[in-house]
S.K.: 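Can you keep this structure in mind? I'll have questions shortly.
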Amino acid sequence: MAVELCLLLLLFCGSTISEVQPIYKPPPGTLDFGFVPSKTYDTGAYHEPGSIGILFKIVHAFLYLVQPNSFPQDLIRKVAQQQLGKTQGDYQKPENVVLTLQAIYYEIGFIVSAALGLLFILLLPLVGLCFCMCRCCDNCGGEMHQRQKKNADCQRSCFATFLFVASLIISVGVLCAYAANQHLTNQVRGAKKLVNSNFKDLKIFLNDTPAQIDYLVSQYNTAKDKALSDLNNVGPVLGTRVQEQLGKEVRPALDAALTMAGAIRETKEALENVSVSVEVLQEGTERLHANLTDVKTHLSNTLNDSACNAAQAASTCNIIRNSLSQLNINANFSGLPGVSSQLAKVNDVLKIDLSSLVQKGYAAFNDTPDLVVNQTRNILSDIKSVLESIGSNITTFTKALPVQKILDDLMVYLTQSEAYVQDYFPLVEQYDFYRWLGCLILCCMVVLILVFYYLGLLCGTCGYDKHASPTTRGCISNTGGNFLMAGVGFSFLFSWVLMTVVVLTFVTGGNVEKLVCEPFEDKNLFKVLDTPYLLNQQWKNYLAGILFKNPNVNLTFEKVYSDCKENKGIYTSLHLEYLFNINEFLNISMYTEDVALKIEHIQINLSKIILLDEIGKENLLNFSSSGIDGIDFSAYLTEINKSVTKVDLLSFANDLEARADQLPKGALENALKGHANSIRMIHNQQVVPLEQAMSTLNQSIRLLKKTSSELMVKVKNVISAVNAAQFLINNNASQVIVQETKKYMDTIVGYFEQYTEWVKESIAMEVAACKPIANVIDTAVDIFLCSYITDSVNTFWFGLGGSSMFLIPAIIFAVKLSKYYRRMDTEDVYDDVETIPMKTTENGNNGYHKEHLYGIHNPVFTSSVEQW
């Protein structure tokens with residue numbers, strides 16, 4: 001009943017979390033639903049036997065020797081399916097005879113062992129009876145006469161040693177039996193705590209389930225809040241997505257237009273630089289030409305001085321005179337065409353601020369999120385209403401379910417079961433006390449025998465006098481022999497009782513270990529229980545037939561136990577989808593369809609966005625026809641590439657000064673050095689500024705040349721790109737909006753699909769985790785039946801059986817040894833010379849053939865000699 005109520009509980013657990021289609025599309029953002037609240041179960045379904053576990057392993061090894069065959073799954077299935085014994089003559093059928101032989105073959109180890117035990121039970125009392133009767137007739141060692149042998153001391157020592165070893169082995173066995181007996185009692189006394197722990201876990205299992213259900217339901221708000229957050233931020237979310245998609249074409253077009261606006265400003269600056277630089281160069285070259293002409297005139301006059309006619313100066317003066325033609329300008333900027341007309345047209349173009357027009361286009365395009373917000377305000381309010389209605393429906397549906405009533409019924413049933421166990425547990429402890437007392441009596445029987453043997457060995461060994469004859473042995477030695485014979489007597493009395501208990505517990509405990517505990521550990525037992533049509537000939541799967549009334553459902557004991565062992569949810573473990581398909585309840589298709597339809601009806605009009613008006617486009621066309629592509633760039637570059645003067649004035653001045661140093665000291669030398677300084681001054685004051693102006697002109701001309709290259713094509717490309725982007729916004733933006741709206745819808749719906757998947761996974765793995773059910777099974781079978789009872793019982797018969805078996809050699813050695821310790825009535829007499837036994841003394845007479853040497857009178861020996 002408890003299982004069925006648990007099933008009903010989980011059925012309603014599933015129905016409380018019903019809202020989303022099973023189709024799952026990963027949304028761009030992952031929601032965090034946290035962890036389902038759960039408490040830790042106290043029961044650890046694992047038993048560590050402690051030091052006695054070594055004995056358990058030894059017993060398991062012995063059982064493996066007795067029964068090395070693997071678990072007979074097929075045999076058990078066939079035997080169960082044959083239902084032997086229902087009708088007369090079942091066992092005589094050929095197939096049943098085969099099964100019987102197979103069962104005997106499997107149990108052959110137990111059968112042989114039990115047969116030996118039964119033989120022990122039957123024969124040992126009979127042998128003991130015969131032994132007693134035989135001794136009463138002075139046979140079988142009953143005659144109080146001991147023949148003297150030369151190796152008597154060696155035999156006595158060997159018998160004593162063997163008896164002592166046998167007694168030690170018996171002692172070890174009885175200690176094992178006592179330890180197992182005490183271990184079982186201790187475990188039974190401590191089992192109450194484990195039972196209470198299992199009941200506590202089952203209560204936690206029931207009490208936590210409503211909180212877990214409430215948590216799953218409450219987490220709908222996480223998905224709803226995220227969806228509402230996106231809806232409230234529809235501009236940044238949907239508007240930004242639309243803007244990003246359109247921006248792939250719009251932004252490059254506006255960037256190109258803005259770049260062209262910058263090029264217009266750069267062109268104006270370059271034209272101004274060209275105009276100014278040409279004017280500066282023309283004026284500068286004229287002044288430079290005049291100054292160089294004056295320098296040449298003055299230098300020529302100096303060279304015409306009479307001092308140059310001297311033999312030492314004539315050659316130098318002639319060299320200087322011949323180089324004067326190099327003092328002249330090289331570049332001629334007076335013939336370069338002007339750029340005033342192009343500059344005027346560009347200035348006209350710049351009267352319209354193209355950059356501001358492009359920035360207006362950027363601003364209009366960046367207002368897309370605001371347009372989306374304004375145009376979706378009414379639809380979004382409807383969607384929010386739908387989401388709120390879903391939450392209220394969940395709450396209403398949850399409150400309508402009788403979950404708490406089912407939990408209360410389960411708790412009542414569990415409380416009654418716990419009270420029943422608590423009431424009967426003292427009775428279990430009482431019966432266990434009787435069992436413990438009975439086993440203790442059996443151990444005491446063996447201990448009593450051991451006490452006689454140990455006392456016999458102690459008294460016999462301590463009281464033995466090797467100089468005393470068999471008829472004169474001391475009281476202590478004689479008492480030791482009597483103790484040994486008492487031990488033999490009790491051995492015959494108790495052995496069959498001990499062996500009877502051993503055989504019964506051996507057959508029972510051994511088969512429980514081999515047929516229940518071992519197959520339970522490796523789950524072969526579950527495989528047998530899961531055999532189709534085994535437990536019910538009409539049902540393929542017995543567990544499914546009980547739970548679902550549908551035996552065709554693939555539900556097995558092994559799978560349920562394994563899933564619960566892994567602490568999975570009971571919905572997954574018991575395959576409750578066949579009884580209650582949670583996917584049918586986790587379905588809010590009608591709500592999501594409403595949400596999807598409303599989102600699909602979002603109409604966003606972006607036609608108000610103007611990227612670049614006609615004035616801006618006309619401005620670009622005017623720039624392309626400004627005439628900068630008609631400038632004679634080759635003429636400019638030709639003159640720019642020339643040097644300002646034909647010769648480097650600094651080099652010429654340095655050379656002139658060096659040649660002046662070659663002349664004799666005087667006015668001519670000083671005059672030439674003065675002209676060299678003048679040339680240097682002209683270079684610094686006029687040539688250097690001209691070179692700077694030429695560099696500026698060079699940069700501007702090359703910029704204009706680059707800008708004017710295919711200027712018309714570039715402008716048309718910019719205008720075409722702007723027109724294409726504007727066409728996309730005006731005509732094709734609806735497709736982009738539909739696509740992005742669909743993605744936006746998938747994102748909103750995806751939040752609820754995430755919630756659904758999380759709910760499914762939580763129900764499968766976390767809600768009502770059935771670990772306590774597996775713990776109950778483990779506690780009942782693995783711990784109570786196998787670890788506590790079976791292992792202890794098997795260890796008990798193992799120790800007691802070993803002790804019983806070694807009673808046989810102990811009996812033999814004790815009987816043999818008692819002859820050497822007990823006081824005899826008669827003894828052997830030997831001839832004085834040849835040491836040949838001559839005559840047996842009568843009662844009361846004793847002596848050896850050499851005793852007269854020790855001063856002991858032997859009348860028998862004397863009379864015999866006299867008669868001889």
Side-chain angles (χ1 to χ4, degrees), residues 6-7 9-22 24-45 197-198 200-230 387 390-391 394-395 397-399 401 403-404 406-407 410-411 560 562-577 580 582-583 585-588 747-776:
C6 289
L7 294 177
L9 170 64
L10 265 296
L11 181 148
F12 285 107
C13 291
S15 62
T16 58
I17 317 155
S18 54
E19 268 80 57
V20 180
Q21 289 192 25
Y24 177 71
K25 298 176 183 178
T30 302
L31 300 179
D32 182 12
F33 296 105
F35 298 96
V36 177
S38 61
K39 294 183 179 178
T40 304
Y41 295 125
D42 293 338
T43 303
S197 176
N198 277 275
K200 180 181 178 182
D201 287 348
L202 290 174
K203 290 180 180 179
I204 292 175
F205 172 77
L206 295 179
N207 292 330
D208 276 3
T209 301
Q212 292 174 336
I213 296 171
D214 293 340
Y215 183 81
L216 293 181
V217 175
S218 67
Q219 286 306 303
Y220 170 78
N221 293 328
T222 301
K224 184 190 73 173
D225 293 343
K226 180 60 177 176
L228 290 176
S229 175
D230 282 2
L387 295 179
I390 296 174
I394 291 175
T395 304
F397 185 68
T398 304
K399 292 181 179 179
L401 293 173
V403 175
Q404 193 60 46
I406 296 175
L407 291 176
L410 284 172
M411 188 61 70
V560 172
S562 299
D563 288 345
C564 288
K565 192 77 172 176
E566 295 173 5
N567 204 25
K568 292 183 179 180
I570 200 169
Y571 184 86
T572 299
S573 301
L574 296 181
H575 293 277
L576 295 183
E577 64 271 12
F580 179 82
I582 198 172
N583 290 330
F585 292 87
L586 291 175
N587 186 356
I588 55 167
T747 300
I748 298 298
V749 175
Y751 295 140
F752 301 100
E753 291 174 346
Q754 281 190 74
Y755 173 71
T756 303
E757 292 301 316
W758 174 76
V759 168
K760 290 180 183 178
E761 183 179 356
S762 298
I763 290 176
M765 303 301 298
E766 299 179 63
V767 174
C770 60
K771 180 72 171 180
I773 297 176
N775 286 343
V776 169

S.K.: Between Tyr751 and Thr222, is the side chain to side chain contact (heavy atoms under 4.5 Å, CB included) condition met? List the steps.
M.R.: CA-CA 9 Å; Tyr751 295 140; Thr222 301; over 6 Å; no
S.K.: Is it the case that the side chain of Gln212 and the backbone of Val36 share a donor-acceptor pair, with hydrogens and angles ignored and the cut-off at 3.5 Å?
M.R.: no
S.K.: For the atom pair CG (Asp32) and CD (Gln754), what is the distance rounded to the nearest 0.5 Å?
M.R.: 10.5 Å
S.K.: Quick one: side chain to side chain donor-acceptor pair (under 3.5 Å) partners of Glu766, sequence neighbours excluded?
M.R.: none
S.K.: Between atom OG of Ser573 and atom CE of Met765, what is the distance when rounded to the nearest 0.5 Å?
M.R.: 8.5 Å
S.K.: For Ser562, what residues pass the side chain to side chain donor-acceptor pair (under 3.5 Å) criterion, not counting sequence neighbours?
M.R.: Lys523
S.K.: Decide yes or no on side chain to side chain contact (heavy atoms under 4.5 Å, CB included) for Tyr755 and Leu31, but give the supporting numbers first.
M.R.: CA-CA 8 Å; Tyr755 173 71; Leu31 300 179; 5.8 Å; no
S.K.: Quick check: does any side chain N or O of Ser229 sit under 3.5 Å from a backbone N or O of Asp225, one acting as donor and the other as acceptor?
M.R.: no
S.K.: Which residues pass the side chain to side chain contact (heavy atoms under 4.5 Å, CB included) test with Ala769, not counting sequence neighbours?
M.R.: Asn567
S.K.: Of all heavy-atom pairs between Gln219 and Phe33, which one has the smallest distance, and what is that distance?
M.R.: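 Taking every non-hydrogen atom into account, OE1-O, 3.3 Å.
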S.K.: Which pair of non-hydrogen atoms, one from Pro37 and one from Tyr215, has the smallest distance, and what is that distance?
M.R.: CD-CG, 3.5 Å
S.K.: How long is the gap from CD1 on Ile773 to CG on Asn198, to the nearest 0.5 Å?
M.R.: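 Output value for this atom pair is 11.5 Å.
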S.K.: Just to verify, what does Asp201 make a side chain to side chain contact (heavy atoms under 4.5 Å, CB included) with, not counting sequence neighbours?
M.R.: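 Once residues adjacent in sequence are excluded, the partners of Asp201 under the side chain to side chain contact (heavy atoms under 4.5 Å, CB included) criterion are Tyr41, Asp42, Thr43, Ser197, Ile204, Pro772, Asn775.
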S.K.: Which residue pairs pass the salt bridge (charged side-chain N to carboxylate O under 4.0 Å, His left out) test with at least one member in residues 565-576, sequence neighbours excluded?
M.R.: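 Passing the test, one end in residues 565-576: Asp563-Lys568, Lys565-Asp778, Glu566-Lys568.
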